[in-house]
J.: 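Dropping a structure here in C-alpha coordinates format, bear with me for questions.
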Amino acid sequence: MVFEQQTPLKLHTTMRVGGDARLSVAPANSEELASAVAYCRQNGIRFIILGNGSNIVFADSGFDGCVIFTTKLQSIGINGNTITAGAGAALSSLSSTALKNSLSGLEFAYGIPGSVGGAVYMNAGAYGGEISQIFDRCTVICRDGSTKVLCKDELDFGYRHSALQSGEYILTDATFVLTSGEQSAIKSAMDANMASRKAKQPLEFPSSGSAFKRPTGYFAAALIEQAGLKGYTVGGAQVSPKHAGFIVNLGNATASDVEMLSKYVSDNVYAKFGVRLESEIIFVR
(Lines give C-alpha, C1' and ligand atoms only; values in the text may rest on other atoms or scores of the structure.)
Protein backbone atom coordinates (compact mmCIF):
# COMPACT_ATOMS: atom_id res chain seq x y z
CA MET A 1 0.00 0.00 0.00
CA VAL A 2 1.61 3.22 -1.22
CA PHE A 3 0.68 6.74 -0.16
CA GLU A 4 0.87 9.19 -3.05
CA GLN A 5 1.39 12.94 -2.84
CA GLN A 6 -0.45 15.80 -4.56
CA THR A 7 -3.26 13.79 -6.13
CA PRO A 8 -5.47 15.96 -8.42
CA LEU A 9 -8.95 15.52 -6.99
CA LYS A 10 -10.73 16.86 -10.07
CA LEU A 11 -9.81 13.57 -11.73
CA HIS A 12 -11.58 11.65 -8.96
CA THR A 13 -14.87 13.54 -8.67
CA THR A 14 -17.71 13.58 -11.18
CA MET A 15 -17.95 17.40 -11.10
CA ARG A 16 -14.32 17.53 -12.31
CA VAL A 17 -13.28 20.44 -10.08
CA GLY A 18 -11.07 20.92 -7.02
CA GLY A 19 -7.42 21.06 -6.08
CA ASP A 20 -4.94 18.40 -4.97
CA ALA A 21 -4.95 16.07 -1.98
CA ARG A 22 -1.76 16.30 0.07
CA LEU A 23 -1.84 12.50 0.39
CA SER A 24 -3.90 9.71 -1.10
CA VAL A 25 -3.99 5.94 -0.91
CA ALA A 26 -6.04 3.15 -2.50
CA PRO A 27 -6.20 0.12 -0.17
CA ALA A 28 -6.49 -3.23 -1.92
CA ASN A 29 -8.75 -4.81 0.71
CA SER A 30 -10.54 -4.12 3.99
CA GLU A 31 -7.43 -4.90 6.04
CA GLU A 32 -5.41 -2.29 4.17
CA LEU A 33 -8.31 0.14 4.52
CA ALA A 34 -8.23 -0.35 8.29
CA SER A 35 -4.44 0.13 8.27
CA ALA A 36 -4.70 3.36 6.27
CA VAL A 37 -7.32 4.74 8.66
CA ALA A 38 -5.20 3.74 11.67
CA TYR A 39 -2.11 5.39 10.17
CA CYS A 40 -3.95 8.66 9.64
CA ARG A 41 -5.45 8.65 13.13
CA GLN A 42 -2.16 7.78 14.82
CA ASN A 43 -0.34 10.56 12.97
CA GLY A 44 -3.01 13.22 13.33
CA ILE A 45 -3.67 13.33 9.60
CA ARG A 46 -7.11 14.49 8.53
CA PHE A 47 -8.64 11.94 6.18
CA ILE A 48 -11.73 11.33 4.09
CA ILE A 49 -13.07 8.16 2.46
CA LEU A 50 -13.91 8.53 -1.23
CA GLY A 51 -15.67 6.17 -3.60
CA ASN A 52 -16.77 7.37 -7.02
CA GLY A 53 -16.76 11.04 -5.95
CA SER A 54 -20.24 11.59 -7.33
CA ASN A 55 -21.67 13.91 -4.69
CA ILE A 56 -18.61 15.73 -3.39
CA VAL A 57 -16.68 18.86 -4.35
CA PHE A 58 -13.25 19.61 -2.92
CA ALA A 59 -12.06 23.21 -2.61
CA ASP A 60 -9.82 24.72 -5.28
CA SER A 61 -7.09 24.88 -2.64
CA GLY A 62 -7.27 21.11 -2.32
CA PHE A 63 -7.46 18.84 0.72
CA ASP A 64 -4.77 19.17 3.39
CA GLY A 65 -4.94 15.56 4.47
CA CYS A 66 -5.32 12.07 3.06
CA VAL A 67 -7.99 10.88 0.65
CA ILE A 68 -8.54 7.14 1.07
CA PHE A 69 -10.01 5.69 -2.12
CA THR A 70 -12.22 2.60 -1.93
CA THR A 71 -12.03 2.01 -5.69
CA LYS A 72 -10.20 -1.33 -5.30
CA LEU A 73 -12.82 -2.77 -2.95
CA GLN A 74 -15.06 -3.94 -5.79
CA SER A 75 -15.93 -7.53 -4.93
CA ILE A 76 -19.54 -8.60 -5.55
CA GLY A 77 -20.88 -11.96 -4.36
CA ILE A 78 -24.25 -13.68 -4.60
CA ASN A 79 -25.68 -16.07 -2.01
CA GLY A 80 -29.24 -17.05 -2.79
CA ASN A 81 -31.29 -13.85 -2.74
CA THR A 82 -28.59 -11.79 -1.05
CA ILE A 83 -25.83 -9.80 -2.71
CA THR A 84 -22.72 -8.59 -0.87
CA ALA A 85 -20.46 -5.91 -2.32
CA GLY A 86 -17.33 -4.05 -1.35
CA ALA A 87 -17.56 -0.35 -0.56
CA GLY A 88 -15.98 0.62 -3.87
CA ALA A 89 -18.24 -1.44 -6.12
CA ALA A 90 -20.22 0.71 -8.56
CA LEU A 91 -23.98 0.73 -8.11
CA SER A 92 -24.45 0.06 -11.82
CA SER A 93 -22.24 -3.04 -11.53
CA LEU A 94 -24.28 -4.16 -8.53
CA SER A 95 -27.51 -3.71 -10.50
CA SER A 96 -26.11 -5.58 -13.50
CA THR A 97 -24.98 -8.48 -11.30
CA ALA A 98 -28.46 -8.67 -9.78
CA LEU A 99 -29.94 -8.73 -13.29
CA LYS A 100 -27.69 -11.60 -14.37
CA ASN A 101 -28.90 -13.58 -11.37
CA SER A 102 -32.59 -12.69 -11.92
CA LEU A 103 -32.76 -10.74 -8.67
CA SER A 104 -35.05 -7.73 -8.34
CA GLY A 105 -34.77 -4.71 -6.05
CA LEU A 106 -31.81 -2.82 -7.46
CA GLU A 107 -33.44 -1.56 -10.65
CA PHE A 108 -33.70 1.96 -9.21
CA ALA A 109 -29.94 2.11 -8.67
CA TYR A 110 -29.00 1.43 -12.28
CA GLY A 111 -27.34 4.57 -13.58
CA ILE A 112 -26.74 6.24 -10.22
CA PRO A 113 -23.08 7.31 -10.56
CA GLY A 114 -21.97 6.22 -7.12
CA SER A 115 -20.38 3.40 -5.15
CA VAL A 116 -21.89 1.05 -2.59
CA GLY A 117 -20.18 2.85 0.29
CA GLY A 118 -21.44 6.25 -0.80
CA ALA A 119 -24.91 4.87 -1.50
CA VAL A 120 -25.29 3.48 2.01
CA TYR A 121 -23.72 6.59 3.54
CA MET A 122 -26.26 8.83 1.77
CA ASN A 123 -29.13 6.32 1.56
CA ALA A 124 -29.10 6.91 -2.18
CA GLY A 125 -32.36 6.68 -4.04
CA ALA A 126 -34.14 7.25 -7.33
CA TYR A 127 -37.34 6.31 -9.11
CA GLY A 128 -39.15 5.39 -5.91
CA GLY A 129 -36.40 3.19 -4.49
CA GLU A 130 -33.84 3.71 -1.72
CA ILE A 131 -30.89 1.69 -0.50
CA SER A 132 -32.54 1.34 2.92
CA GLN A 133 -35.37 -0.67 1.35
CA ILE A 134 -33.05 -3.55 0.41
CA PHE A 135 -30.26 -3.06 2.98
CA ASP A 136 -29.61 -5.96 5.37
CA ARG A 137 -26.25 -5.39 7.08
CA CYS A 138 -22.76 -3.97 6.61
CA THR A 139 -19.26 -4.49 7.95
CA VAL A 140 -17.63 -1.39 9.37
CA ILE A 141 -14.35 -0.25 10.89
CA CYS A 142 -14.82 1.33 14.32
CA ARG A 143 -12.82 4.19 15.80
CA ASP A 144 -10.67 1.78 17.83
CA GLY A 145 -9.73 -0.11 14.67
CA SER A 146 -11.96 -3.10 15.33
CA THR A 147 -14.58 -4.31 12.88
CA LYS A 148 -18.21 -5.06 13.54
CA VAL A 149 -21.39 -5.84 11.67
CA LEU A 150 -24.23 -3.34 11.81
CA CYS A 151 -27.79 -4.36 10.96
CA LYS A 152 -30.41 -2.18 9.31
CA ASP A 153 -31.90 -0.86 12.56
CA GLU A 154 -28.48 0.44 13.63
CA LEU A 155 -28.04 2.52 10.46
CA ASP A 156 -30.81 5.00 11.39
CA PHE A 157 -31.77 5.48 7.74
CA GLY A 158 -33.65 8.60 6.69
CA TYR A 159 -33.93 10.71 3.57
CA ARG A 160 -30.34 10.98 2.28
CA HIS A 161 -29.17 10.05 5.77
CA SER A 162 -27.55 7.17 7.62
CA ALA A 163 -25.68 6.69 10.88
CA LEU A 164 -22.44 6.48 8.88
CA GLN A 165 -22.56 10.27 8.58
CA SER A 166 -21.65 10.54 12.27
CA GLY A 167 -18.08 9.56 11.39
CA GLU A 168 -18.03 6.75 13.95
CA TYR A 169 -17.90 3.99 11.35
CA ILE A 170 -16.29 3.34 7.98
CA LEU A 171 -18.07 0.86 5.74
CA THR A 172 -16.05 -1.91 4.08
CA ASP A 173 -18.87 -3.96 2.55
CA ALA A 174 -22.66 -4.21 2.57
CA THR A 175 -25.22 -6.94 2.07
CA PHE A 176 -28.61 -6.44 0.43
CA VAL A 177 -31.65 -8.71 0.31
CA LEU A 178 -33.36 -8.95 -3.07
CA THR A 179 -36.24 -10.98 -4.47
CA SER A 180 -36.35 -13.47 -7.32
CA GLY A 181 -37.83 -12.04 -10.49
CA GLU A 182 -38.17 -12.40 -14.22
CA GLN A 183 -34.95 -11.32 -15.90
CA SER A 184 -36.81 -9.69 -18.79
CA ALA A 185 -38.96 -7.59 -16.42
CA ILE A 186 -35.92 -6.55 -14.39
CA LYS A 187 -34.04 -5.53 -17.54
CA SER A 188 -37.06 -3.63 -18.83
CA ALA A 189 -37.26 -1.60 -15.62
CA MET A 190 -33.52 -0.87 -15.69
CA ASP A 191 -33.67 0.18 -19.34
CA ALA A 192 -36.65 2.44 -18.65
CA ASN A 193 -34.83 4.14 -15.77
CA MET A 194 -31.73 4.67 -17.88
CA ALA A 195 -33.77 6.04 -20.79
CA SER A 196 -35.44 8.48 -18.40
CA ARG A 197 -32.05 9.60 -17.08
CA LYS A 198 -30.73 10.22 -20.58
CA ALA A 199 -33.85 12.11 -21.59
CA LYS A 200 -34.20 14.30 -18.51
CA GLN A 201 -30.73 14.69 -16.99
CA PRO A 202 -27.71 16.62 -18.35
CA LEU A 203 -25.45 13.58 -18.61
CA GLU A 204 -23.39 15.31 -21.32
CA PHE A 205 -21.78 17.58 -18.71
CA PRO A 206 -19.85 16.81 -15.51
CA SER A 207 -22.05 17.16 -12.44
CA SER A 208 -22.51 15.80 -8.94
CA GLY A 209 -25.97 14.44 -9.67
CA SER A 210 -28.88 16.10 -7.91
CA ALA A 211 -27.55 19.30 -6.38
CA PHE A 212 -30.22 19.72 -3.71
CA LYS A 213 -32.21 17.49 -1.39
CA ARG A 214 -35.95 17.36 -1.88
CA PRO A 215 -37.62 19.75 0.60
CA THR A 216 -40.67 18.35 2.37
CA GLY A 217 -43.75 18.96 0.26
CA TYR A 218 -41.85 20.36 -2.73
CA PHE A 219 -39.57 19.43 -5.59
CA ALA A 220 -36.23 21.26 -5.67
CA ALA A 221 -36.05 21.44 -9.47
CA ALA A 222 -39.55 22.94 -9.72
CA LEU A 223 -38.76 25.63 -7.15
CA ILE A 224 -35.51 26.52 -8.92
CA GLU A 225 -37.26 26.74 -12.27
CA GLN A 226 -40.11 28.83 -10.81
CA ALA A 227 -37.48 31.17 -9.37
CA GLY A 228 -36.26 31.78 -12.92
CA LEU A 229 -32.85 30.25 -12.28
CA LYS A 230 -32.74 27.64 -15.03
CA GLY A 231 -29.55 28.32 -17.00
CA TYR A 232 -28.20 30.76 -14.40
CA THR A 233 -24.41 30.72 -14.52
CA VAL A 234 -21.56 31.58 -12.16
CA GLY A 235 -18.19 31.31 -13.89
CA GLY A 236 -18.13 27.88 -15.50
CA ALA A 237 -20.90 26.42 -13.34
CA GLN A 238 -24.50 26.46 -14.53
CA VAL A 239 -27.97 25.48 -13.36
CA SER A 240 -28.74 23.01 -16.10
CA PRO A 241 -31.27 24.27 -18.68
CA LYS A 242 -32.24 20.60 -19.13
CA HIS A 243 -32.93 19.85 -15.45
CA ALA A 244 -32.90 22.66 -12.88
CA GLY A 245 -32.02 20.24 -10.08
CA PHE A 246 -28.53 19.80 -11.52
CA ILE A 247 -25.51 22.09 -11.38
CA VAL A 248 -23.17 21.29 -14.25
CA ASN A 249 -19.59 22.09 -15.14
CA LEU A 250 -19.56 23.71 -18.58
CA GLY A 251 -15.90 22.82 -18.91
CA ASN A 252 -13.95 25.43 -17.00
CA ALA A 253 -15.78 25.63 -13.67
CA THR A 254 -13.95 25.92 -10.36
CA ALA A 255 -15.07 24.52 -7.04
CA SER A 256 -15.77 28.09 -5.94
CA ASP A 257 -18.05 28.59 -8.95
CA VAL A 258 -20.06 25.52 -7.99
CA GLU A 259 -20.32 26.45 -4.32
CA MET A 260 -21.25 30.09 -5.04
CA LEU A 261 -23.92 28.99 -7.51
CA SER A 262 -25.31 26.48 -5.03
CA LYS A 263 -25.58 29.17 -2.36
CA TYR A 264 -27.07 31.68 -4.80
CA VAL A 265 -29.78 29.22 -5.82
CA SER A 266 -30.60 28.30 -2.22
CA ASP A 267 -30.75 31.94 -1.12
CA ASN A 268 -32.95 33.00 -4.04
CA VAL A 269 -35.40 30.15 -3.65
CA TYR A 270 -35.66 30.95 0.05
CA ALA A 271 -36.23 34.64 -0.67
CA LYS A 272 -39.00 33.88 -3.18
CA PHE A 273 -40.76 30.92 -1.56
CA GLY A 274 -39.56 30.70 2.05
CA VAL A 275 -38.19 27.21 1.40
CA ARG A 276 -34.54 26.52 2.18
CA LEU A 277 -32.89 24.13 -0.26
CA GLU A 278 -30.25 21.97 1.39
CA SER A 279 -27.27 20.99 -0.73
CA GLU A 280 -26.94 17.34 -1.62
CA ILE A 281 -23.37 18.06 -2.72
CA ILE A 282 -20.83 17.76 0.09
CA PHE A 283 -18.40 20.68 -0.09
CA VAL A 284 -15.04 19.87 1.48
CA ARG A 285 -12.37 22.44 2.30
Side-chain angles (χ1 to χ4, degrees), residues 13-15 48-57 70 73-74 76 81-95 97-98 103-142 148-179 189-190 193 196-197 201 207-221 245-247 262 276-284:
T13 57
T14 58
M15 186 64 88
I48 191 169
I49 310 296
L50 191 68
N52 198 47
S54 59
N55 69 330
I56 192 166
V57 166
T70 61
L73 280 67
Q74 295 188 6
I76 299 176
N81 282 6
T82 66
I83 184 167
T84 299
L91 283 182
S92 288
S93 296
L94 197 67
S95 300
T97 300
L103 293 175
S104 176
L106 272 163
E107 292 89 335
F108 76 91
Y110 188 59
I112 294 179
S115 62
V116 166
V120 176
Y121 183 92
M122 293 291 292
N123 189 20
Y127 300 109
E130 283 186 336
I131 283 294
S132 59
Q133 295 170 355
I134 56 171
F135 180 88
D136 182 58
R137 63 188 184 274
C138 63
T139 307
V140 297
I141 301 169
C142 305
K148 68 183 296 187
V149 175
L150 298 178
C151 65
K152 182 175 181 177
D153 290 345
E154 295 173 286
L155 265 288
D156 187 33
F157 282 117
Y159 175 67
R160 301 296 177 264
H161 171 82
S162 80
L164 297 180
Q165 294 174 18
S166 69
E168 292 297 313
Y169 306 111
I170 296 168
L171 183 145
T172 62
D173 63 62
T175 299
F176 308 96
V177 177
L178 307 177
T179 56
M190 288 169 61
N193 288 345
S196 178
R197 287 182 185 280
Q201 299 178 6
S207 79
S208 292
S210 296
F212 299 96
K213 297 179 182 180
R214 185 180 67 246
T216 303
Y218 299 90
F219 290 99
F246 283 65
I247 290 176
S262 177
R276 175 61 71 182
L277 294 183
E278 184 181 350
S279 177
E280 195 163 320
I281 303 171
I282 300 170
F283 292 97
V284 181

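Sequential numbering from 1 along the given sequence is applied to the chain's residues.
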J.: Within the 4.5 Å heavy-atom criterion, are I281 and S262 side-chain neighbours or not?
T.: no
J.: Considering residues, nucleotides and ligands other than Y218, do more than 12 of their heavy atoms fall under 6.0 Å from its OH?
T.: no
J.: For the CD1 atom of I170 and the CD1 atom of I49, what is their distance to the nearest 0.5 Å?
T.: 4.0 Å
J.: Return yes if some donor-acceptor pair links the side-chain N/O of S210 with the main-chain N/O of G245 below 3.5 Å, else return no.
T.: no
J.: Identify the heavy atoms of I134 and G105 that sit nearest to each other, and give their distance.
T.: CG2-O, 3.7 Å
J.: Who passes salt bridge (Lys or Arg N to Asp or Glu O under 4.0 Å) against K213, sequence neighbours left out?
T.: E278
J.: What do the steps show when you test F176 against L103 for side chain to side chain contact (heavy atoms under 4.5 Å, CB included), and what is the final call?
T.: CA-CA 11 Å; F176 308 96; L103 293 175; over 6 Å; no
J.: Would you say T139's side chain and T172's backbone share a donor-acceptor pair under 3.5 angstrom?
T.: no
J.: Salt bridge (charged side-chain N to carboxylate O under 4.0 Å, His left out): which pairs involve residues 105-125, sequence neighbours left out?
T.: none
J.: Looking at Q165 and Y121, would you say the former's side chain and the latter's main chain have a donor-acceptor pair under 3.5 Å?
T.: yes
J.: To the nearest 0.5 Å, how far apart are OG in S115 and CG in L50?
T.: 8.0 Å
J.: Under 4.5 Å between any side-chain heavy atoms of I247 and S208, yes or no?
T.: no
J.: Check whether any side-chain heavy atom of L106 sits under 4.5 Å from a side-chain heavy atom of M190, and report yes or no.
T.: no
J.: Measure from the side-chain N and O atoms of S92 to the backbone N and O of G111, and report whether any donor-acceptor pair falls under 3.5 Å.
T.: yes
J.: S93 and I76: side chain to side chain contact (heavy atoms under 4.5 Å, CB included), yes or no, with the steps?
T.: CA-CA 9 Å; S93 296; I76 299 176; 4.1 Å; yes
J.: Quick one: does N55's side chain get under 4.5 Å of I282's, heavy atoms only?
T.: yes
J.: Could you tell me which residues satisfy ring pair (Phe, Tyr, Trp, His ring centres under 6.0 Å) with Y110, sequence neighbours excluded, listed by chain and number?
T.: none
J.: Kindly write out the residues that satisfy side chain to side chain contact (heavy atoms under 4.5 Å, CB included) with K152, not counting sequence neighbours, or none if the list is empty.
T.: F135, F157
J.: Verify, without hydrogens or angle tests, whether D136 (side chain) and V177 (backbone) share a donor-acceptor contact under 3.5 angstrom.
T.: no
J.: Measuring from S207:OG to M15:CE, what's the distance to the nearest 0.5 Å?
T.: 6.0 Å
J.: Any chance you could measure L155, atom CG, to I131, atom CD1, to the nearest 0.5 Å?
T.: 11.0 Å
J.: Any chance you could measure I83, atom CD1, to L178, atom CG, to the nearest 0.5 Å?
T.: 6.0 Å
J.: Heavy atoms, side chains only, cut-off 4.5 Å: are L171 and L150 in contact?
T.: no
J.: Can you list everything that forms a side chain to side chain contact (heavy atoms under 4.5 Å, CB included) with S54? Sequence neighbours excluded, please.
T.: T14, N52, P113
J.: Considering only residues two or more places apart or on different chains, which pairs with a residue in residues 154-174 satisfy salt bridge (charged side-chain N to carboxylate O under 4.0 Å, His left out)?
T.: E130-R160, R143-E168, R160-E280
J.: Which heavy atom of A174 sits nearest a heavy atom of V120, and at what distance?
T.: CB-CG2, 4.2 Å
